[in-house]
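Read the structure below first, then the notes.
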There are 2 protein chains.
Amino acid sequence: MSETLPLPKTSKKRKQLIDHALRLFGQHGIHAVGINEILATSGVAKKTLYNHFVSKEALIQACVLERDSRFMTWFEQACDKADSTASLIECVFDALDNWVNDRVDILGHFNGCFFVNTAAEYSKQECVIYQHCIQHKNNIKALFQLRLTPYISDEIQRNNLVELLLLLKEGVINCAHVMNDKQSAVKAKTLALAYV
Amino acid sequence: MSETLPLPKTSKKRKQLIDHALRLFGQHGIHAVGINEILATSGVAKKTLYNHFVSKEALIQACVLERDSRFMTWFEQACDKADSTASLIECVFDALDNWVNDRVDILGHFNGCFFVNTAAEYSKQECVIYQHCIQHKNNIKALFQLRLTPYISDEIQRNNLVELLLLLKEGVINCAHVMNDKQSAVKAKTLALAYV
DNA sequence: ATTATAGTATACCGATCTGTCTACTTTTTT
DNA sequence: AAAAAAGTAGACAGATCGGTATACTATAAT
């Protein structure tokens, strides 16, 4: 009877819990999903959950981190074939087009940006969950910066494109989500390419 | 003892309830806010709430409609001084800049787009609340179309600008919300003006 | 093979949720 | 002034919430 909490993060049950919780949170929001629903769909006992996480809050935090990890891995990979400014733009918006049209299994059924939706439910700046959401978007920004540096040496010019890409990316997500415009990524790609 | 439900929509108590509910929903999301919290902050009795609304769901629907009304009124007014494509762009992003920097009282403390956040909590297409959120964004699109028609006669050219404005507007909202970039509207304005 | 560990299933706790009900008071209408 | 309508305060019901405890089972390590 150890009762020492930190069970291995590689545990199969832990992954199951996060996987199902992420899908439910992503589909209905966080406050709308109860522990019991997560347990029922993941087929895990309640005690097992509380052996891995001290609270629902801890599970939520793990979900946010896992979502960031999955998203960044997928997005980095999608950008890997870029070898110029224009091709990076193509990669970015082709990837977004795949996502909003439900062709990316690892991201689940598209329901807007998980981090935007989650930040809206945890709006206090000092909240850890909110901070993780901010961090994710900064990771995206850093990715754009890093990937564009080889092709655009002028910092101001590069920063301007980074800002445009960030704005258009977020625009694509919202327009696809709440205007049901599944072509938004294609439109944004055209606009971004016209800019450069 | 009438028990016939539809009390006048002009009722002071009804407005109080919607007003406080909107602020709480906007700040924490909908599922995170309970009826009792709304009653406590609005200073209204529980029975009065249920005299005006058959359920929490009905109150939520009224809130979404009220938010749309407030937003459209404010946004229309902000666009009224525009007399050219360029000045409309200025009006739009100046308005957004005011909003995300908490200088628009009627919209309350900025916490991203209420309709995006709400749609994320009610993701089923057949859900009335979700449909109201979609409707709002279509209202915005129609506004752009209508306001640009006098200045851009070519339909394709006009549609392209409408799409750009929609993408940038949503981008501004998300970047301000979850990247904490309160300059996003200014940046978007520059980019939009460069496009035309 | 024994033993600690991690798991299941489920009852239970106190708190909170939406919604109803009663008793009373204030406001409005006639 | 009387009556109808709309309000308050709060107890209450039944369900569900997050989280704990108990009893038992399967797995894995020594």
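Just so we're on the same page: letters track the sequence lines, and every chain starts at 1.
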For this session: Look at Arg147(A) together with Asp80(A) and state whether they make a salt bridge at an N to O cut-off of under 4.0 Å.
Result: yes
Exercise. Can we call the ring centroids of Tyr122(B) and His132(B) under 6.0 Å apart?
Worked result: no
Problem set entry | Of Arg14(B), Arg67(B), Arg70(B), the residue whose pairing with Asp19(B) passes salt bridge (charged side-chain N to carboxylate O under 4.0 Å, His left out) | Arg70(B)
Problem set entry | Nucleotide nearest Lys46(A) when distance is taken to its side chain, options dT18(C), dT8(D), dG18(D) | dG18(D)
Problem set entry | Residues Asn159(B), Glu163(B); criterion side chain to side chain donor-acceptor pair (under 3.5 Å); working and verdict | CA-CA 6 Å; Asn159(B) 286 340; Glu163(B) 295 295 341; over 6 Å; no
Exercise. Is a donor-acceptor contact shorter than 3.5 angstrom present between the side chain of Lys13(B) and the base of dG7(D)?
Worked result: no
Seminar exercise, completed: Leu39(A) atom CG is separated from dG19(D) atom C1', nearest whole Å, by 11 Å
Problem set entry | Ser11(A) side chain near dG7(C) phosphate (N/O to OP1/OP2, under 4.0 Å) | yes
Problem set entry | Atom-to-atom span, CD1 of Ile60(A) to P of dC17(D) - whole angstrom | 14 Å
For this session: Calculate the interatomic distance between Ile38(B) atom CD1 and dC17(C) atom P; express it in whole Å.
Result: 11 Å
Exercise. Is there a donor and acceptor pair, one atom on the side chain of Lys47(A) and one on the base of dG7(C), closer than 3.5 Å?
Worked result: no
Problem set entry | Atom pair distance, as rounded to whole Å: CG in Leu17(B) and P in dT18(C) | 14 Å
Seminar exercise, completed: Whole-Å distance, Ile30(A) CD1 to dG18(D) P, equals 12 Å
For this session: Report the distance from atom CG of Asn51(A) to atom C1' of dT27(D), rounded to the nearest whole Å.
Result: 15 Å
For this session: Please state how far atom CD1 in Ile35(B) lies from atom P in dG14(D), giving the value in whole angstrom units.
Result: 20 Å
Exercise. In whole angstroms, how far is the P atom of dA6(C) from the CZ atom of Phe53(A)?
Worked result: 15 Å
Exercise. Can you find a side chain N or O atom of His52(B) that sits less than 4.0 Å from OP1 or OP2 on dA6(D)?
Worked result: no
Exercise. Under 4.0 Å between a side-chain N/O of Asn36(B) and OP1 or OP2 of dT16(C), yes or no?
Worked result: no
Exercise. Which one, dT8(C), dT8(D), dG19(D), comes nearest to the side chain of Lys56(A)?
Worked result: dG19(D)
Exercise. Do the rings of Phe71(B) and Phe115(B) sit parallel, tilted or perpendicular, given the 30° and 60° boundaries?
Worked result: perpendicular
For this session: Using only side-chain N and O atoms of Ser55(A), determine if any of them is under 4.0 Å from OP1 or OP2 of dG18(D).
Result: no
